[in-house]
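In what follows, a structure is listed as structure tokens, so that the remarks can point back to it.
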Amino acid sequence: MSQLTQLVQHARHYHISDIPRRSAQRQPNKLALVDGDVELTYHAFYQKVEQLAAYLTKIGLQKSDRLLLLSHNCWQFPVIHFAAARLGIITVPVNFMLNSKELAYILENSQCKIIFAEDQLTATVDAAMQQSQHQLQHFYHINLNQAPTLPKWQDLELCFEHELAPVAAQDLNAYEPIRMMYTSGTESLPKGVLLNSEALMWQYMSAILEGEMSRDDREIHAFPLYHCAQFDAFLNVDLYLGATSYILRGFDASRVLELIAKAKINKLFCPPTAWIALLNAPLFNHADLSSLQKAYYGASAMPKSVISSLLGKLPHIRFWQFYGQTEMAPVATVLYPEDHQDYSTSVGRPVFHVETAIMSEQGEILAAGKIGEIVHKSPHLTLGYADQPQKTAAAFLHGWFHSGDLGYFDESGYLYIIDRIKDIVKTGGENVSTREVEEIIYRFAGIQEVAVFGVAHPHWIEAVTAVIVVHDRDSFDLDALLAHCEQHLSSYKMPKSIHIAKELPKNASGKILKRQLREQYQDHYSQDRIA
């Protein structure tokens, strides 16, 4: 490479690691992050990132090393991520709800050299290390709870106290991996999804453009930052734009409603289960939500009855639906506010930098109205699954990324999801979409939440099964619900059993854990319709 080419490339360089510096240059004194009593301006945020990057250099970490991050939401989370990116280190954010066995698997699979873990989670890490052959080299705890840790764990705060030389410019390539995001694993062992700076930056631009995001936004981040939805569709977009972010450890409906009023929040993302919780919160009808202008949902389908209730009770708020997945970094399609009246059951249209099609099992692109697998082409896309070339090859068969979702386009170009391919229940030789059955049940008065899935059955092969959460169990009429289902569903789509539960199991991202429900209700397919 000639010297002139190097100079040109240096001038044209733009990488995710540049975000803290450039945002600090544009508006150094503006609030970037608010986490309880901690308030960081963009200048202070950038300084924290540079201090930690210098410390990571001091202890010998290098480009392409892997850093595991295990914590509830906190201001330290994005600081660690961007400090790692500054050096070309691959950040591996991990679900804080994992048990030691599950974490041991990820330690083996990711081969991280260093870990930053919330203090109360270090015991889980210690137990995982006992079950793993992999040896971490560096242990740092994030002191969020004043929980005791073993002597090998050093306090992250000490990393910011060293006076170190500034980090030199790094040879970073936008096409090289910078993040490994593990799939949620609600159905199988998680896979390490590799994302590079190019994918993330293109996705940020799509989210900004399609979601009408701006540097004037004031947003709450209450859902896990280890998940790409909250982290990359919202928090990192805010840091890129220069918006102000309020970080909560986790979602609490009353706390969110209080903070909207207190901090004049204008922007909020919640998965559908959380919007349902907000609607049912005692404070909902009394909270001052006048500042809230932009609302987003995704991660799973929003029942039509729920979005209708939200639009009815919050007429001044505009709602966007983002559909996508980890491998898309994560946004693939958007349903705009103006489309919610006529296309409320759609996930919208492909975002600006995504091309989406429907493909048959033979690799044929299907016409409007035809059902097949949803596939994508986009610079948002993952580089593949870490150390799993066969799964990567299967995901990119025919030169498109295969989402694992069944769907179709209508004549106007709106995308509709039938179901996850793995969530289709094959009963008595017929395919039943769990989403369709859930939508019908949600229409019935008194339903708070529902999950539909299949369990093994000696006659039907799989039996359609529903677990519901109701507002008032004592007054709930199960026979009336069955009559409602019989009125709106073909006989083969009818649930063979319906169970009432106090709550549905969910991961920290708000996704219902159907695998856990299948295991729990596997032997409850009798004609006893209530449990």
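Here, residue 1 is the first one in the sequence, and each next residue gets the next number.
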**Prompt:** So Met328 and Ser378, side chain to side chain contact (heavy atoms under 4.5 Å, CB included) or not? Walk me through it.
**Reply:** CA-CA 8 Å; Met328 288 296 294; Ser378 174; 3.9 Å; yes
**Item:** Results of ring pair (Phe, Tyr, Trp, His ring centres under 6.0 Å) for His221 - residues two or more places apart only
**Value:** none
**Check against side chain to side chain contact (heavy atoms under 4.5 Å, CB included), Val193 and Gln325** = CA-CA 11 Å; Val193 177; Gln325 60 196 105; over 6 Å; no
**Prompt:** Under the salt bridge (charged side-chain N to carboxylate O under 4.0 Å, His left out) rule, what pairs show up with a residue in residues 274-283, not counting sequence neighbours?
**Reply:** none
**Asked** Which residue pairs pass the salt bridge (charged side-chain N to carboxylate O under 4.0 Å, His left out) test when at least one of the two sits in residues 13-34, sequence neighbours left out?
**Response** Asp18-Arg21
**Request:** Please answer whether the main-chain N or O of Leu194 pairs with a side-chain N or O of Thr382 as donor and acceptor at a distance below 3.5 Å.
**Result:** yes
**Prompt:** More than 12 non-hydrogen atoms from neighbouring residues, nucleotides or ligands closer than 6.0 Å to NZ on Lys101, yes or no?
**Reply:** no
**Request:** Identify, with sequence neighbours excluded, every residue that meets ring pair (Phe, Tyr, Trp, His ring centres under 6.0 Å) alongside His376.
**Result:** none
**Asked** So does Glu449 pair up with Lys506, basic N to acidic O under 4.0 Å?
**Response** yes
**Prompt:** With under 30° as parallel and over 60° as perpendicular, where do the rings of His13 and His15 fit, or are they tilted in between?
**Reply:** parallel
**Item:** Nearest-0.5 Å distance that lies between atom CD1 in Ile90 and atom CD1 in Ile178
**Value:** 7.0 Å
**Request:** Check whether NZ of the Lys or CZ of the Arg Lys191 lies under 6.0 Å from the centre of the six-membered ring of Tyr385 and within 45 degrees of that ring's axis.
**Result:** yes
Name the atoms and distances for all side-chain donor-acceptor pairs under 3.5 Å in residues 152-161, with sequence neighbours left out.
from: Lys152; atom 1: NZ; to: Asp126; atom 2: OD1; distance (Å): 3.2
from: Trp153; atom 1: NE1; to: Asp126; atom 2: OD1; distance (Å): 3.1
from: Asp155; atom 1: OD1; to: Glu157; atom 2: N; distance (Å): 3.0

**Request:** Can you sort out the partners of Lys58 under salt bridge (charged side-chain N to carboxylate O under 4.0 Å, His left out), two or more places apart, ordered by chain and number?
**Result:** none
**Request:** Could you please spell out the steps behind the side chain to side chain contact (heavy atoms under 4.5 Å, CB included) verdict for Asn109 and Asp387?
**Result:** CA-CA 8 Å; Asn109 189 259; Asp387 305 316; 5.6 Å; no
**Message:** Is it true that, when you exclude Gln62 itself, more than 12 heavy atoms of the residues, nucleotides or ligands shown sit nearer than 6.0 Å to its CD?
**Reply:** no
**Asked** Are more than 12 heavy atoms from other residues, nucleotides or ligands located less than 6.0 Å from atom CZ of Arg215?
**Response** no
**Message:** For the NE2 atom on His134, are there more than 12 heavy atoms of other groups (residues, nucleotides or ligands in this structure) within a distance under 6.0 Å?
**Reply:** yes
**Message:** Among residues at least two apart in sequence or on other chains, which ones pass ring pair (Phe, Tyr, Trp, His ring centres under 6.0 Å) with His471?
**Reply:** none
**Asked** How are the rings of Phe251 and Phe223 set to each other: parallel, tilted or perpendicular (split at 30° and 60°)?
**Response** parallel
**Item:** Closest heavy-atom pair and its distance - Leu70, Val94
**Value:** CD1-O, 3.7 Å
**Item:** Ile19 CD1 to Tyr42 OH distance, which is reported to the nearest 0.5 Å
**Value:** 10.0 Å
**Asked** Is any NZ, NE, NH1 or NH2 atom of the basic residue among Glu438 and Lys514 found under 4.0 Å from an Asp or Glu carboxylate oxygen of the other?
**Response** yes
List the atom pairs, donor and acceptor, that lie under 3.5 Å between side-chain atoms in residues 275-288 and the rest of the protein, sequence neighbours left out.
from: Trp275; atom 1: NE1; to: Cys270; atom 2: O; distance (Å): 3.1
from: Trp275; atom 1: NE1; to: Tyr296; atom 2: O; distance (Å): 3.1
from: Asn280; atom 1: ND2; to: Ile276; atom 2: O; distance (Å): 3.1
from: Asp288; atom 1: OD1; to: Ser290; atom 2: N; distance (Å): 3.1
from: Asp288; atom 1: OD1; to: Ser290; atom 2: OG; distance (Å): 2.7

**Prompt:** With sequence neighbours excluded, what pairs up with Glu50 under the salt bridge (charged side-chain N to carboxylate O under 4.0 Å, His left out) test?
**Reply:** Arg86
**Asked** Is there a donor-acceptor contact under 3.5 Å from the side chain of Gln27 to the main chain of Ala24?
**Response** no
**Request:** Kindly state each residue pair satisfying salt bridge (charged side-chain N to carboxylate O under 4.0 Å, His left out) with at least one member in residues 228-242, sequence neighbours excluded.
**Result:** Arg179-Asp232, Asp238-Lys267
**Asked** Does anything in residues 190-216 pair up under ring-ring contact (aromatic ring centres under 6.0 Å, His included), and if so which pairs, sequence neighbours excluded?
**Response** Trp202-His353
**Message:** Going by the rule salt bridge (charged side-chain N to carboxylate O under 4.0 Å, His left out), which residues pair with Lys313 if we only count those two or more places apart in sequence or in a different chain?
**Reply:** none
